[in-house]
Amino acid sequence: MQLGLIGLGKMGGNMRERIRLAGHTVIGYDRNPDLSDVSSLTELVGKLEGPRVVWVMVPAGAATQGVIDELGDLLEPGDTVVDGGNSRWTDDEKHAEELAAKGIGFVDAGVSGGVWGLQNGYALMVGGDAEHIAKVQPIFDALKPEGDAGFVHAGKVGAGHFSKMVHNGIEYAMMQAYAEGWELLEAVHSVTDVREVFRSWQEGTVIRSWLLDLAVNALDEDEHLQQLRGYAEDSGEGRWTVEAAIDNSVPLPAITASLFARFSSRQDDSPQMKMVAALRNQFGGHAVESAK
């Protein structure tokens, strides 16, 4: 099938390649002309045969709203828009309503996979009406990992991004646990090879995971993480997770503490945040700050 893809950065560019490898046609647009297949959204829409499917992969907030507004004027009844960025789920409800008034379907897709998705596939959590999701299903099948896992129709509009938000909240807490354990191991004199302790956990333990594998990768590159500043940003989804927990009276002590730990990293050079920063760089290509 044909797909229009808007936003060809670290995630979007790799997604375009994976979809093409599955035999589909992808027409991509990015503000960077070196990455684009077309020069404008108008040209992108004009090259797609109806009913069209256009996937938006741009930063949440104003950037996504601007693209949705423009697509609302360019697309026709029966077309479908997918928001695969990290939008807040409440924005999905607004976008779906705006597009539905013009006869255009809307699907929100939480996408996990980072810079490794091209090779390993992307986990997809989607929300929206079944009829709209069915139009995009061949693309979802191309993006997801092989096997039965990796794709879920999570529920109504907003459910995909809400699920991805909770996923990222859990990710915060898992990274924080690895980071705290790493700092404690580094602090005692009796443990002389912390990197190999982490490596020993990769098989046969209950805490083995892909994040642990990435931690070992980071330690192989910089054994004591001396090249990194102990500073880690938060993408916003951790905050949204905690806010949703408050709104729904659900206790999230581990996730909330991991979010606050990132705030503390901005006050001092935190050893734990060296590991969190290293992990974020490993799985998502997120920028790190060098030690001074």
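All residue numbers refer to positions in the sequence shown, counting from 1.
- A pairwise comparison of heavy atoms in Lys144 and Asp148 identifies NZ-C, 4.3 Å as the closest pair.
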### Message
Run Val26 and Trp55 through side chain to side chain contact (heavy atoms under 4.5 Å, CB included) and show every step you take.
### Response
CA-CA 10 Å; Val26 182; Trp55 188 304; over 6 Å; no
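- Note that the CZ atom of Arg88 and the CD atom of Glu237 stand 10.5 Å from one another [nearest 0.5 Å].
- Applying the side chain to side chain donor-acceptor pair (under 3.5 Å) rule to Ser200 yields no partners; only residues at least two apart in sequence or on another chain are considered.
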Using distance only, find each side-chain donor-acceptor pair of residues 246-259 under 3.5 Å and give its atom names and separation, not counting sequence neighbours.
unit_1	atom_1	unit_2	atom_2	d
Asn248	ND2	Ala244	O	2.8
Thr256	OG1	Leu252	O	2.7
Ser258	OG	Ile255	O	2.7

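- When Glu171, Arg262, Met273 are each tested for a side chain to side chain contact (heavy atoms under 4.5 Å, CB included) with Gln176, only one passes: Met273.
- Between Phe198 and Tyr178, the ring planes are tilted. Angles from 30° to 60° get that label.
- Side-chain contact, Lys94 with Gln65: a donor N or O sits under 3.5 Å from an acceptor N or O.
- Of the possible donor and acceptor atoms, one in the side chain of Thr241 sits under 3.5 Å from a partner among the backbone N and O of Met165.
- The backbone N or O of Pro59 lies less than 3.5 Å from a partner atom in the side chain of Thr64, making a donor-acceptor pair.
- Atom-to-atom distance recorded for Asp91:CG and Asp83:CG is 8.5 Å, nearest 0.5 angstrom.
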Which atom pairs, one a donor and one an acceptor, fall under 3.5 Å between side chains of residues 125-137 and the rest of the protein, sequence neighbours left out?
unit_1	atom_1	unit_2	atom_2	d
Lys135	NZ	Gly78	O	3.1
Gln137	NE2	Asp141	OD1	3.0

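- In this structure, Met11 is a member of the same hydrophobic cluster as Phe140, with clusters built from ILVMFWY side-chain heavy atoms closer than 4.5 Å.
- The structure places CG of Asp73 at 11.0 Å from CG of Leu41, a figure rounded to the nearest 0.5 Å.
- Judged by distance alone, the side chains of Lys10 and Asn14 never bring a donor and an acceptor atom under 3.5 Å apart.
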